[in-house]
Each structure stands twice: as C-alpha cells, then as structure tokens.
Amino acid sequence: MPEQQLRTLINQMSIEEKISQLLQLAGPFFEGSESQGEITGPMEGLGISNDSIRNSGSVLGLTGAKEVIQVQQAHLKNNRLGIPLLMMADIVHGYKTIFPVPLAISCSWDMDMAESTAVVAAAEASAAGVHVTFAPMVDLVRDPRWGRVMETTGEDPFLNSEFARAFVRGFQGTDLTHDRSRVAACVKHFAAYGAAEGGRDYNTVDMSERQMREYYLPAYRAALDEGCEMVMTAFNTVDGIPATGNRRLMRDLLRDEWGFDGVLISDWGAVKEMIPHGIAADEAEAAYKAIQAGVDIEMMTPAYEHHLKGLIENGQVNESLLDEAVMRILTLKHKLGLFDNPYRGASVELEEELILSETHRQVARDAAAKSCVLLKNNNVLPLNEEQKIALIGPFAQSGDILGPWSWMGSKEEAIQLYTGMVDLVGSAHITTAQGCDIETGTEAQLAEALLAAQHVDVIVLALGEHSDMSGEAGCRADIRLPQIQLDLIAALQSLNKPMVAVLFNGRPLDLHGVYDQVDAVLEAWYPGTEGGAAIADLLYGKRNPSARLTMSFPYAVGQIPIYYNHFNTGRPQGAADAQVRYVSQYLDIPNEPLLPFGYGLSYTTFEYSEPTIPSTTMTMEQPLTIKVRVTNTGECKGEELVQLYIRDIVGDVVRPVKELKSFRKIILEPRDSQEITFILTEEQLRYHHSNLEFKSDSGDFYAFVGSNSRDVTELKFTLKK
C-alpha cells in the first residue's frame, strides 16, 4: 500500500477515527481477549467508549497466537475501514525463552551473541502474535540504585551504541515486511532517563545539552541509524520539560535534526503525567503539548481521545498534526504487512514449535555463560567434580533467576542452580540447604545450612536480590545484600571452608560482607531460563568465564554516581603536587570503585607486551596504529578482552580521564600469543565543544591499552591538523 493509498485511507476517516488510531489500550479492553472486561486499577477511570475501542490503533501487552488472532478478527469485523491493530509488548530479554538481563548481556561485549538473543526473542514473539517490542532500552546509566540498570547496557556511550545496533538488527532483520519472524523495535526512553536524580524512577533529569549530546544521546541515534522503527518518550524532564511534551527534544532534535519519521509513542500514562509534573493544568493542555511535541501514540491515558477533537475544532491544533501522526502509524502497519496479512506471524502451530525449543534454550545457555563475570578467585574455581560441595543460599533451588521484564517467562521452567550442578556431576557429591530466605531467615534454616556444610570440601553460596528488588520501580538506597544473607556468610565462615559466592542480582552491588569474606565471587546477574546450567558449566570449568563489567561496582553507595569516564578536577587526588587533605577525595573511603569498568577474571592469565606505535603523530589523513601482543600464560584456553582507551589532555571543555574507543576479543590456547592492532582515527577523537560543534582538537593525547579501564599501559601521541 503506497503512500498515496494511505493518504486516501486517511481522507476516508472521520476525525474521531483518526484520533482513535493514536490510542493504545491494554488487552482487556478488546473483544476476543481472554481477559476481556477485567479492567482494574487505573484502567477503570479512562472513560473510553466502545466506539473508541473499535477504532483504536494498537494494543498493549496482548500475546498468544490464538488470542491475538481472535482479537484481530473481532476488531476487523467491527472497524469500519478494516484497519488492523498493532500488537505491542515488552519483549526485553526474551519471550518465553528468557536470556540474561540486558546489563548481563552487555558484559559479554559480544555483539553477535546479543543480536542472536534478539533474533530468538523476535521469532518466539512474532509466532505469538507480537508486532512491536518495547526494546532496546539504551539509557546510559551511572547510578546502580536505579532499578532499571538491569535493562540497560552500562555506563559507556560507545559500547551502548554498539549494543543498540545489535539488538535492533536482531529484532528487525533486514526485511521487516516479508520476514515474519521479526518484530519492529522501539528504542527507549528518549531521552536521558538513566540520569534520574538519586537513582529514583520517574525522577528529574537536569543536565547541559552538551552533556546529553556527548554521553546520553549517541545510543538512541545508533539505534535509529540501524533502522529502528519506533521511539518511546521518557518519563523524566529534559531541561525542565517532561520529555513527552518537550517540543524542542522531540520535534526539533528527533524529527528535524535527526530526520526520524517513524512512530513516537509515550510511555505508560506519560501524557497525563504532565499534570502532576506541573506543565499542564489539565488533560486538554497535556494533549495539546504532546501533539505539538510530535507524540503519535498515547499509551494508556485518554487525553487525545477526550480533547484532541476540541483542540482542533477551536483552532488550537492544526489537523495536519493529527494526519501526520496517523500517517506514521499506518505506514508502520503497512511496513509490517498488516494490511495484506493482519495476523502476520501469529501461528499456534509455529508458536508451539519454537517456544522454549532446544535450539533456543542452547542460545540462552550460551548467552548466560558469556554474561557471568568472575569478580574474584583465590584458586578455588573451577571446582573438581570429585569435590564434596554444599550448595547453600536462597537461590540454591530458586527459579527466580529470570529477572524483571521476563513477562512471559516461567520460573518453573528455569534451570535452577542445584539442578544445573546435579545434571553436570550427579547428586552424590552435592548437598544443599536454603540457609535463609532472601530478606529473612530462621535459626532452623541456619542450623540446617551449618550441618549441610560440615563435611564438604567447598561451600557454594547462591545469594542475591529477588526480582522485585530490581527493574522498574525497584530502586534501592542500600545496595548491599540483605543483612540476613551477610549473616549467613559470616556464620559459615566459622567452618573454615573455601567459599564461593554466586550472585543473582540486577545491579552492581556494594559487596562489603561478600567480596571481602569469600574466596571467589561469580556475578551471575539474572541469567535467564538456562541460568543454572550455564553457571554449573562455569563453576566446574566446562567453560571459562570471559565476561567483563560494563558498570563499575562501587566501593560504597556514597560514591554514586561512579563511572570510569569521569572528569578530573583542579585538585585531583594523587597528583604529584597534591596536598594531603585539600584535594578531591573522601576521608573515609577510596575515590575509586571496588571493581572498575571493563573488569573480569578468567581461569587462565594473560600477559601484555608494551604497546607500540610506529609513529606518535596522527593527522586527519593518517590514523594512529597501536600494537600489543597478548600471551596466555596460564594452563587452559581462555578469552581475553583487549581494551583501548584515550584521553584528550587539553580540550575546549574538560575531557574524561579515559574514553573507550575500541576493543578486541581473542581466544588463546595455553602459551599462545597474538598481536592485536588497533587503528585509531581522527574521527574517534571528536567531541562536542562548548558551542556544541562536534570536532577534534590538535594537541597531545594519551592512549591506554589493557585488560580493563584501570589496569592499562599509557602511550602519548599528538594530533596535527
């Protein structure tokens, strides 16, 4: 259906029909839904008419091929012009086959693997009738108190951009119209939601435009450059104006400067939330500001439905803005092939065949193994299959390892850690006890744990946060493990056994009481459906840990926000001429994080040669070549992540002490070595100046090569223009 046919269709629509295309409602509103009429809570007060439902443009959170087909059939029967519905859902890190949370996936630094998880998620979701996923979330984050860090890919704009592209490729493929195993992607939350003050959901964001362009916008732009079809507005303010009503952000930057002509959707209730924000007196003003800003779809509030017609009739809103929004929505429906096949990929038979298939489970197991970060190891791991192991802790036999936004995932179908270990080595050498619940415990539980660990060789502790302690509205001021779990560690220490902690959580934690008390720490995050099997593979050395952190782990919560690419100060701690007291420092804790960005261990060791550069001068035409040789000096095959950072020593504005510019993953057998060559170009030295011009500076720079952002070797070079 070419553009002219879509315009003809719009011309046939009444103003009420056009406005309803902008309305997104949840499944229970629709005829044919198995939950039809089960409208509770905020949904009850929407005041939506049956005519509006019949003419609405999209559905939120409806899935399952049978139900989707029923709803679409009923809708097409009732809709005067036969315009199909768009089915949208939060398929964030898997549909039924759940993958590690995105923060965990990012720790793989593996774009191909990230893309493959999105391919599987799209195939399962599409078969279940989903057309659009509200993913990827690419908000840059520096505050682990924020619950939604689990849904992001970390603190670095370059790495976030690479993952944004990978996820969009996986979800959408190269031919969204004809490849019905794919779904349209919706990048979120535009913009800068990850910078919410205090790490508190829905809170204020306040920063300079230069800061936003330099760090927070690149990943959204990368997703759109990859062809992402939709953008979701953020809940937060940007320069004092809520994003959903921010014309400068949405019209001037997103639409005009970046050229985005896809669908812009509000987050749940965000249009009406302009009233408590304090920039709209009522629903009518909220509708006015949202349509002026360019919001095409209003999710789960009725401001457009109740007031847009009046705003147009009294001349406050030009009807052309409504037509633009409808055109974008219909164009996406056409691009998805819904006018030709309104059921698209929905298939009960295919759904049954694909969902939780062995192939998909294997992708999930591989992803989980590549995402777990070995944070500490005092020669305890890998375990020996003949060792007697006590597996203790609230996650020893828990299926709560999928994490937030695993909407359709089944905890019952997740591989628990105990199951994974027993499947690998048998039950003869493994005893287990809960020890405590996640936040509470009893003397009887503790006594059982002490008894189970009495005569074993190694204690493996399965600890962490339950999934409600993370994710949206899962913000925490105290990001240590619950005290009862720290007490369990302390009690088991009395047995003088080697202890390994496996952590299940959605954020970097304050690890005091864990990191300093046990012999090894494996950060498993929320590893997904195959988590227990993948962790067992790592614990027993069937696979070698290779993941590296993409968020710094704070020494203490008082450091937050803490991130590797920070600015220096006029009085930096540790400078050659620094005084003892009057420098930028804490008196009671280090400035540095406990564990830095890019950090992670392996069961083998790697040695780096001194990096070399044939010439210390870079020009616009002549890039810099940096070479380093890496040798596996250990006893087993391993994967190393070689990282390249730079620092602009003197800039127009203050520049970070380090910036990631490239990385290479290499696999080496014992005693083997490989020379890595990085090509650094002038383009990679560009940044936003005080006037927002994006360019590089002539002058001196440092390049850093190493295994993480802290442990690097420094080289100096000069850019001449």
Side-chain angles (χ1 to χ4, degrees), residues 6-62 67-88 129 131-132 263 265-266 268-269 271-272 282-284 286-288 290-291 295-314 316-334 338-339 342-343:
L6 292 178
R7 294 201 180 280
T8 299
L9 180 59
I10 291 173
N11 291 336
Q12 294 172 339
M13 298 169 73
S14 67
I15 191 169
E16 292 85 359
E17 287 172 325
K18 288 191 282 189
I19 291 169
S20 291
Q21 278 295 306
L22 279 57
L23 175 65
Q24 180 165 103
L25 297 170
F29 283 92
F30 291 88
E31 181 183 337
S33 167
E34 292 172 9
S35 57
Q36 185 182 4
E38 296 175 18
I39 299 170
T40 58
M43 290 192 288
E44 288 182 290
L46 290 182
I48 299 296
S49 70
N50 286 330
D51 279 347
S52 296
I53 296 169
R54 282 193 289 269
N55 292 321
S56 63
S58 59
V59 187
L60 170 67
L62 186 71
E67 189 173 4
V68 165
I69 290 169
Q70 289 172 181
V71 168
Q72 191 76 283
Q73 285 175 332
H75 179 78
L76 292 171
K77 183 177 68 177
N78 295 326
N79 184 272
R80 181 177 73 90
L81 294 171
I83 300 173
L85 288 163
L86 273 170
M87 306 293 177
M88 305 191 194
H131 305 143
V132 178
V263 174
I265 186 171
S266 81
W268 180 300
V271 172
K272 193 172 180 179
D282 49 30
E283 276 190 11
Y288 170 82
I291 197 71
V295 175
D296 299 316
I297 298 178
E298 180 183 8
M299 185 193 295
M300 289 303 296
T301 53
Y304 281 174
E305 193 65 25
H306 291 169
H307 301 286
L308 198 49
K309 182 180 179 183
L311 290 167
I312 291 170
E313 288 177 342
N314 68 23
Q316 287 182 267
V317 171
N318 193 309
E319 191 171 353
S320 64
L321 293 182
L322 173 61
D323 290 347
E324 282 177 16
V326 175
M327 173 59 82
R328 286 191 281 263
I329 294 164
L330 296 183
T331 298
L332 179 57
K333 292 181 179 186
H334 165 61
L338 297 180
F339 287 101
Y343 313 110

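Here the structure is a predicted model, which is why all the values come from computation and not from measurement.
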Do [X] and [Y] have side chains that approach each other closer than 4.5 Å (heavy atoms only, starting at C-beta)?
| X | Y | result |
| --- | --- | --- |
| I48 | L23 | yes |
| Q12 | T8 | yes |
| L81 | M13 | yes |
| E16 | N55 | no |
| L322 | V317 | no |
| Q24 | M300 | no |

Just to verify, what does [X] make a salt bridge (charged side-chain N to carboxylate O under 4.0 Å, His left out) with, not counting sequence neighbours?
| X | value |
| --- | --- |
| K272 | E283 |
| D282 | none |
| E319 | K18 |
| E67 | none |

Exercise for review: Could you tell me which residues satisfy side chain to side chain contact (heavy atoms under 4.5 Å, CB included) with E313, sequence neighbours excluded, listed by chain and number?
Suggested key: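 Applying side chain to side chain contact (heavy atoms under 4.5 Å, CB included) to E313 gives K309.
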Review point. Going through the distances and angles, do L86 and V59 end up as a side-chain contact (heavy atoms from CB on, under 4.5 Å)?
Key: CA-CA 6 Å; L86 273 170; V59 187; over 6 Å; no
Between [X] and [Y]: side-chain donor-acceptor atoms closer than 3.5 Å:
| X | Y | answer |
| --- | --- | --- |
| S49 | D51 | no |
| K77 | Q72 | no |
| E305 | S20 | yes |

Practice item. Apply side-chain contact (heavy atoms from CB on, under 4.5 Å) to Q21 and I297, showing your working. Key: CA-CA 8 Å; Q21 278 295 306; I297 298 178; over 6 Å; no
Working to the nearest 0.5 Å, report the span between [atom1] of [X] and [atom2] of [Y].
| X | Y | atom1 | atom2 | result |
| --- | --- | --- | --- | --- |
| F30 | L60 | CZ | CG | 9.5 Å |
| S58 | K333 | OG | NZ | 7.0 Å |
| E298 | I291 | CD | CD1 | 9.5 Å |
| H75 | E31 | NE2 | CD | 11.0 Å |
| Y304 | I19 | OH | CD1 | 10.5 Å |
| E324 | I10 | CD | CD1 | 10.0 Å |

Exercise for review: Could you check L338 against H131 for side-chain contact (heavy atoms from CB on, under 4.5 Å), going step by step and ending with a plain yes or no?
Suggested key: CA-CA 9 Å; L338 297 180; H131 305 143; 3.6 Å; yes
Exercise for review: Using the test side chain to side chain donor-acceptor pair (under 3.5 Å), find all partners of N79 that sit at least two apart in sequence or belong to another chain.
Suggested key: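 By the side chain to side chain donor-acceptor pair (under 3.5 Å) rule, N79 matches no residue at all.
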Contact summary for [X] and [Y], nearest pair of heavy atoms:
| X | Y | value |
| --- | --- | --- |
| G82 | L76 | O-CD2, 3.5 Å |
| L62 | G27 | CD1-CA, 4.2 Å |
| I265 | V295 | C-CG1, 4.5 Å |
| L311 | A284 | CD1-O, 3.6 Å |
| S56 | L85 | O-CD2, 3.3 Å |
| Y288 | Q316 | CE1-O, 3.4 Å |

Check your understanding: What do the steps show when you test M327 against T331 for side-chain contact (heavy atoms from CB on, under 4.5 Å), and what is the final call?
Key -> CA-CA 6 Å; M327 173 59 82; T331 298; 3.5 Å; yes
